[in-house]
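Here is the naming used below: chain letters follow the sequence lines, and residue numbers restart at 1 for every chain.
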Amino acid sequence: MKITAIKGMSDVLPPDSFLWREIEERARKIFDTYGFEEIRTPIVEPTELFVRSVGETSAIVEKEMYTFEDKKGLSLTLRPEGTAPVVRAYIENAMHAKDPIAKLYYFGPMFRYEQPQKGRSRQFFQIGAELLGAESSLADAEMLILLHRLFQGFGILDVRFEINSLGCKTCRPKYLEAIHQFLKGKEKKFCDDCQKRSKKNPLRILDCKKEGCRALTETAPTIGDYWCEACAQHYREVRGLLLAGHVKFKENPRIVRGLDYYCRTAFEVLCDRLGAQNAVAAGGRFDGLVKDLGGPDVPGIGFAIGMERLVLLMEPGTRYQVPGTSIFFALLGNEAQQAALSIMEELRAKDHCVVSAYGGSLKSQMRRADKLGVQRVVILGENEMQKGIAIVKDMKEGTQKEILMGRLVEELG
RNA sequence: GUGGCUAUGGUGUAAAGGCAGCACGGGAGGUUGUGAUCCUCUUAGUACGGGUUCGAAUCCCGUUAGCCACCCCA
């Protein structure tokens with residue numbers, strides 16, 4: 001029986017892995033320029049963490065988590081998202097006490113048990129960032145500007161930003177009540193999915209793609225009519241700052257987030273090239289979360305970018321650095337191998353990529369050198385060993401010369 | 001979780017119930033110790049399990065996986 005990767009989890013092989021590295025490096029550089037610092041949290045967390053943060057009735061917690069018991073019967077869960085673990089770490093390490101502001105980014109795998117399709121897998125990577133300790137609209141704007149900058153850095157220019165404000169704990173309940181009233185008596189007219197949604201998460205009905213439902217919700221109240229003055233003001237400021245920051249965006253009053261902890265600013269980065277899973281990044285403000293998880297009352301805002309979707313958008317023609325072999329040692333015989341080792345080490349210490357074959361005829365070794373695209377080959381066999389020299393061949397020119405062994409490192413520079 | 005489509009060497013493909021072939025890739029050679037091209041040889045496949053049939057890559061059923069969509073979301 002062949003052992004295969006499990007459904008929805010895939011390998012990233014070269015040369016794709018080079019593209020992944022490129023993306024990660026570009027992201028890190030940009031995070032640096034915004035003063036964000038990397039955090040690495042465990043992939044496994046107590047199940048409780050996600051139940052309390054993401055929400056008991058959310059789709060993620062209800063049916064998508066990889067949950068299991070450890071040997072002591074503790075319920076553990078493979079993280080389905082990145083914000084809750086970061087907030088847990090923030091509280092646990094009392095980061096608020098060291099600095100009122102924490103700006104953190106992460107890069108790593110998340111796990112959700114979903115039906116795989118284009119841009120959606122069970123293990124997927126996210127690049128995420130969280131800004132804790134700032135309630136100011138400037139924080140919201142900066143996160144969006146940072147996100148915008150990242151996409152520029154990735155060379156992806158055909159994405160669009162959509163934003164909304166979900167209100168806060170004083171105005172959101174009023175809106176929910178209004179939606180509830182609006183739907184009352186109409187439930188039967190909606191599609192089956194929406195009828196389920198009307199009980200659990202009525203806001204999602206506004207998100208339904210079916211035309212029938214869309215038509216019915218045409219006249220539904222929008223959150224904007226229910227914002228409290230503070231939320232309205234905050235949102236106004238965010239929009240103004242975005243304009244000043246040259247981030248183009250569209251207001252979409254129907255953006256709803258699937259995770260319970262979001263409030264106020266919510267946003268999505270969309271691209272038409274992605275098919276049904278058209279969001280490549282999303283995020284929002286989570287002001288009550290730190291407190292809900294037992295920490296101080298610290299506001300926060302963050303986003304996550306889906307790595308696989310990003311790769312899907314970048315793939316055509318993105319340039320990435322492949323280190324590439326620069327010097328190949330073609331060695332014949334055990335003595336030559338022994339003599340070459342220390343020289344190869346010296347060259348590696350000078351940052352050259354130096355490789356050899358592990359046997360075979362000179363012809364096959366040369367063929368391999370050519371396939372690897374190396375510039376120079378050092379040929380060292382019994383004849384050369386006797387003369388105390390090595391042959392250095394320039395593969396592009398096709399020329400070669402004899403070099404004294406002692407001068408080899410210097411010659412290859 | 002639901003529905004549709006798909007599954008042939010490492011990759012891309014051909015074979016419409018009757019010899020599993022081609023290309024690329026991988027390996028070894030083409031005189032004594034030299035990479036491209038070219039030439040020769042070689043490697044490797046019908047996803048898995050059943051069924052129909054004289055005979056199955058081909059038809060049927062199941063499983064698994066992939067893709068697409070619902071759902072959900074990054």
First encountered from the 5' end of RNA chain B, between A/V256 and A/A276: A/A276
Residues forming a salt bridge (Lys or Arg N to Asp or Glu O under 4.0 Å) with A/K350, sequence neighbours excluded: none
Sub-4.5 Å side-chain heavy-atom contact between A/I23 and A/M307: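 Yes, close enough: below the 4.5 Å cut-off.
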Sugar-phosphate only, base, or nothing, as touched by A/G82 at under 4.0 Å among non-hydrogen atoms: nothing
Sugar-phosphate only, base, or nothing, as touched by A/A282 at under 4.0 Å among non-hydrogen atoms: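 Result for A/A282 = sugar-phosphate.
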Is a side-chain donor-acceptor pair under 3.5 Å present for [Y] with [X]?
X: A/K393; Y: A/Q375; result: no
X: A/E177; Y: A/Q181; result: yes
X: A/S137; Y: A/R236; result: no

Could you pull out the protein-nucleic contacts involving nucleotides 27-33 of chain B (nitrogen or oxygen on both sides, under 3.5 Å)?
| from | atom 1 | to | atom 2 | distance (Å) |
| --- | --- | --- | --- | --- |
| B/G30 | N7 | A/K363 | NZ | 3.3 |
| B/G33 | N7 | A/N383 | ND2 | 3.1 |
| B/G33 | O6 | A/N383 | N | 2.9 |
| B/G33 | O6 | A/N383 | OD1 | 3.2 |
| B/G33 | O6 | A/N383 | ND2 | 2.5 |
| B/G33 | O6 | A/E384 | OE1 | 3.1 |
| B/G33 | N1 | A/E384 | OE1 | 2.8 |
| B/G33 | N1 | A/E384 | OE2 | 2.8 |
| B/G33 | N2 | A/E384 | OE2 | 3.3 |

Positions of [range] (non-hydrogen atom under 4.0 Å from RNA chain B), listed by number:
range: residues 112-124 of chain A; result: A/R112, A/E114, A/Q115, A/Q117, A/K118, A/G119, A/R120, A/S121, A/F124
range: residues 395-403 of chain A; result: A/M395, A/G398, A/Q400
range: residues 152-166 of chain A; result: none
range: residues 298-306 of chain A; result: A/A304, A/G306

Residues in side chain to side chain contact (heavy atoms under 4.5 Å, CB included) contact with A/K118, at least two apart in sequence or another chain: A/L312
Residues forming a ring-ring contact (aromatic ring centres under 6.0 Å, His included) with A/H148, sequence neighbours excluded: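 ring-ring contact (aromatic ring centres under 6.0 Å, His included) check on A/H148 returns A/F161.
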Results of ring-ring contact (aromatic ring centres under 6.0 Å, His included) for A/F68 - residues two or more places apart only: none
Show the distances under 3.5 angstrom between N or O atoms of the protein and N or O atoms of nucleotides 40-47 of chain B.
none

For atom [atom1], what is the distance between [N] and [M], given to the nearest Å?
N: B/G25; M: B/U32; atom1: P; value: 25 Å
N: B/G45; M: B/A57; atom1: P; value: 15 Å
N: B/C22; M: B/G9; atom1: P; value: 16 Å
N: B/U31; M: B/A36; atom1: P; value: 13 Å

salt_bridge(A/D287, A/R285) N-O dist < 4.0 Å: yes
Can you tell me the distance, in whole Å, between the [atom1] atom of [X] and the [atom2] atom of [N]?
X: A/F125; N: B/A74; atom1: CZ; atom2: P; answer: 17 Å
X: A/N278; N: B/A74; atom1: CG; atom2: P; answer: 12 Å
X: A/I60; N: B/A74; atom1: CD1; atom2: C1'; answer: 10 Å

Any A/R309 side-chain N or O less than 4.0 Å from OP1/OP2 of B/C73: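 For B/C73, OP1/OP2 do not have a side-chain N/O of A/R309 under 4.0 Å.
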Sequence-distant partners of A/R21, side-chain hydrogen bond (donor to acceptor under 3.5 Å, both in side chains), two or more places apart: none
Secondary structure string for RNA chain B (Watson-Crick or G-U under 3.5 angstrom, | for other-strand pairs): (((((((..((((....[..))))((((((.......))))))...(((((..]....))))))))))))....
